[in-house]
Amino acid sequence: MPTKCQLGSIISHGSEGVVYSGSWCGRPAAIKVFPKNYAYRAEADVKIVTNLNHVNIIKYFGMEYEQGSAYLGMEYITGGNLCEFIGKQFTSSSYWTIICQILADVARGMIYLHTRNIAQGDLKSHNILLRTDTYQAVICDFGISRVVENETGTKKRNQTAKGTIRWMAPEICAPPPEQSSFASDVWSYGCIILEATSGRDPWLDQFQDDSILFRALQRKESAPVFTQICTNQSGPSHIRKLLLECCSWSKASRPRFIDILSRFETVHDESAFMDENLDQMSIDSTHFDEDHIKDYERNSFDENDNVEIQPIRSLENDYVPKSNISKGRLTGEIFTSKGSASGRAIYEGPQGGRYYLTAGGSKVYLHK
């Protein structure tokens with residue numbers, strides 16, 4: 001038996017080995033056990049991440065060998081992975097709040113990797129672990145990661161494509177395939193966003209067979225199909241916009257992770273500003289008297305102004321399903337609290353119940 005680690009119960013099975021709970025030199029750990037012929041993947045993991053230290057990157061403790069098997073000790077993250085979270089929480093009222101936090105965490109981890117010239121190479125929801133209670137994201141599995149020697153220089157090619165097809169960028173699939181890069185990591189991140197918006201594996205509704213998807217990713221003529229899939233997604237507007245940009249067929253058009261993180265922080269700051277200004281308002285404080293409304297209209301528009309009055313934009317464009325609002329009427333009031341729901345419009349249903357809509361379009365009824 002190995003001397004540094006002790007194995008407990010099985011956590012998961014993979015194509016290359018089994019992950020156990022256990023301990024490494026006396027501290028809690030997850031132990032990945034590789035057959036000897038896959039040990040090079042474990043060695044690649046350790047070589048890439050040994051000196052990394054970031055809260056959103058998994059910590060590796062070391063490796064040892066015993067009777068033809070390799071034992072890789074790593075930090076034990078107990079909250080499951082992002083794929084499991086999406087499957088369980090897709091319809092929950094807090095879903096988008098937590099998803100945005102997770103996506104921002106992943107961006108932070110990827111910034112850390114890219115500033116050290118490391119392309120992750122297999123970024124997907126299964127490789128994003130979540131800490132219990134906080135949902136803090138931790139990127140794992142660096143078996144096919146690589147050090148990028150010259151991101152802007154001559155394209156290097158592989159003999160075969162490497163990665164998981166549904167998260168692989170077009171340039172990784174097209175013959176001869178390019179090596180993983182910062183830009184291909186961004187496409188994979190876009191595929192994770194697509195998982196979050198659809199609740200399913202990327203591209204699954206249109207390409208149920210992996211081989212057909214792989215062939216589609218090889219052809220530039222397929223680009224409009226993938227763009228349309230992204231366009232048809234529901235979710236917060238800033239998330240849908242980011243999805244389109246990350247899954248751009250053109251590598252040069254994809255954003256950098258530092259820009260992606262900046263967007264999440266901007267949205268968070270705007271939400272915090274709204275919360276701060278609405279927290280002190282009572283539920284009835286959003287009623288305006290007639291004189292107030294007339295003063296506003298008088299100050300806002302001049303009768304000679306050439307102004308085109310637009311109808312109120314459909315809430316469907318801001319991720320609230322139209323079916324939810326057609327059965328209720330706006331009361332003119334706003335829900336206030338110290339939480340993320342503060343500032344949401346209040347509706348009255350056909351039976352008299354009052355509610356607001358979550359980011360995912362679910363109704364949350366207010367108790368009298």
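All values below were derived from every heavy atom in this structure, side-chain atoms included, with hydrogens, water molecules and symmetry-related copies excluded. Remember, it's a predicted structure, so these values are computed and weren't measured experimentally.
- A salt bridge links Arg263 with Glu245: at least one charged nitrogen is closer than 4.0 Å to a carboxylate oxygen.
- Atom CZ of residue Phe264 and atom CG of residue Leu242 lie 5.5 Å apart, to the nearest 0.5 angstrom.
- Taken from OG in Ser125 to CD1 in Ile192, the straight-line distance is 6.5 Å, to the nearest 0.5 Å.
- Between the Ser198 side chain and the Leu194 main chain, a donor and an acceptor come within less than 3.5 Å of each other.
- Using a 4.5 Å heavy-atom cutoff, the side chains of Ser21 and Ser9 are in contact.
- Under the 3.5 Å distance criterion, the side-chain polar atoms of Asn56 are left unmatched by any main-chain donor or acceptor of Val106.
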- Give the intermediate values and the outcome of side chain to side chain donor-acceptor pair (under 3.5 Å) for residues Asp122 and Thr164. CA-CA 7 Å; Asp122 196 20; Thr164 309; 2.9 Å; yes

- Message: Show, in sequence, the C-alpha distance, side-chain angles and deciding distance for Thr134 and Arg131, and conclude whether the side chain to side chain contact (heavy atoms under 4.5 Å, CB included) test is met.
- Response: CA-CA 6 Å; Thr134 65; Arg131 299 188 192 278; 3.6 Å; yes

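- Every residue meeting the side-chain hydrogen bond (donor to acceptor under 3.5 Å, both in side chains) condition with Gln233, not counting sequence neighbours, appears here in chain and number order: Thr197.
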- Message: Test side chain to side chain contact (heavy atoms under 4.5 Å, CB included) on Ser237 and Arg240; report intermediate values, then the result.
- Response: CA-CA 5 Å; Ser237 57; Arg240 291 184 283 116; 3.7 Å; yes

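- Side-chain contact between Phe207 and Asp201: absent, with no pair of heavy atoms (C-beta onward) separated by less than 4.5 Å.
- For Tyr112 against Thr115, the heavy-atom pair with the smallest separation is O-OG1, 2.9 Å.
- Atom CG of Asn51 is surrounded by 12 or fewer heavy atoms from other residues, nucleotides or ligands within 6.0 Å.
- The two residues Ile98 and Phe85 make their nearest non-hydrogen contact at CG2-CZ, 3.5 Å.
- Rounded to the nearest 0.5 angstrom, Gln218 CD and Leu213 CG are separated by 10.0 Å.
- Partners of Arg200 by side-chain hydrogen bond (donor to acceptor under 3.5 Å, both in side chains), not counting sequence neighbours, listed by chain and number: Asp205.
- Separation of the Phe257 and Phe182 ring centroids does not fall under the 6.0 Å cut-off.
- In this structure, Cys100 and Ile239 approach most closely via the heavy-atom pair SG-CD1, 3.9 Å.
- Both Ile139 and Ile111 belong to a single network of hydrophobic side chains, linked directly or stepwise wherever heavy atoms of I, L, V, M, F, W or Y lie under 4.5 Å apart.
- Val186 and Trp249 fall within a single hydrophobic cluster, where Ile, Leu, Val, Met, Phe, Trp and Tyr are joined by side-chain heavy atoms under 4.5 Å apart, directly or via other members.
- Of the inter-residue distances, the one linking Arg256 atom CZ with Leu261 atom CG reads 11.5 Å to the nearest 0.5 angstrom.
- Checked by atom type and distance alone, the side chain of Thr231 pairs as donor or acceptor with a backbone atom of Thr227 at under 3.5 Å.
- Of the possible polar contacts, one joining the Gln120 side chain to the Cys140 backbone as a donor-acceptor pair under 3.5 Å is found.
- Residue Ile172 is grouped with residue Val225 when hydrophobic side chains (ILVMFWY) are merged at heavy-atom distances under 4.5 angstrom, including chains of intermediate members.
- When the side-chain hydrogen bond (donor to acceptor under 3.5 Å, both in side chains) test is applied to Ser222, no partner is found at least two apart in sequence or on another chain.
- Each of Cys247, Cys246, Ser248 was evaluated against Ser253; a single residue qualifies, Ser248, per the side chain to side chain contact (heavy atoms under 4.5 Å, CB included) test.
- Met110 places none of its side-chain heavy atoms less than 4.5 Å from the side chain of Ile118.
- Salt-bridge formation is not detected for the pair Glu75/Arg27: no Lys NZ or Arg NE/NH1/NH2 atom is positioned less than 4.0 Å from an Asp or Glu carboxylate oxygen.
- Contact between Cys230 and Leu244 at its shortest, heavy atoms only, is CB-CD2, 3.6 Å.
- By the 4.5 Å heavy-atom criterion applied to side chains, Ile193 and Leu103 are counted as neighbours.
- Proximity of a side-chain donor or acceptor of Glu64 to a complementary backbone N or O of Gly73 within less than 3.5 Å is not detected.
- Side-chain contact between Trp203 and Ile212: absent, with no pair of heavy atoms (C-beta onward) separated by less than 4.5 Å.
- When side chains are defined from C-beta on, Glu178 counts as touching Lys251, because their heavy atoms get closer than 4.5 Å.
- Two different hydrophobic clusters hold Tyr135 and Tyr76 under the rule that ILVMFWY side chains link at heavy-atom gaps under 4.5 Å.
- A side-chain donor from one of Trp167 and Glu195 sits under 3.5 Å from a side-chain acceptor of the other.
- Taken from CD in Gln206 to CZ in Phe226, the straight-line distance is 9.0 Å, to the nearest 0.5 Å.
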- After noting the C-alpha distance and the side-chain angles of Val33 and Leu7, does the key distance pass the side chain to side chain contact (heavy atoms under 4.5 Å, CB included) rule? CA-CA 10 Å; Val33 182; Leu7 303 183; 4.3 Å; yes

- Message: Walk me through whether Asn81 and Leu130 qualify under side chain to side chain contact (heavy atoms under 4.5 Å, CB included).
- Response: CA-CA 6 Å; Asn81 62 46; Leu130 304 177; 5.9 Å; no

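- Within 6.0 Å of atom CD1 in Ile10, more than 12 heavy atoms from other residues, nucleotides or ligands are found, so the atom counts as buried in its surroundings.
- Across every non-hydrogen atom of Cys191 and Arg166, the tightest pair is SG-O, 3.5 Å.
- Between the OH atom in Tyr71 and the CH2 atom in Trp24 there is a gap of 10.5 Å [rounded to 0.5 Å].
- Counting only heavy atoms from C-beta outward, the side chains of Ser181 and Asp185 never approach each other to under 4.5 Å.
- Clustering ILVMFWY residues whenever any of their side-chain heavy atoms sit less than 4.5 angstrom apart, transitively, puts Ile165 in a cluster other than the one holding Leu204.
- Contact annotation: the side chain of His54 approaches that of Arg108 to within less than 4.5 Å [non-hydrogen atoms, C-beta and beyond].
- In terms of heavy atoms, Met168 sits closest to Cys173 at CE-SG, 3.8 Å.
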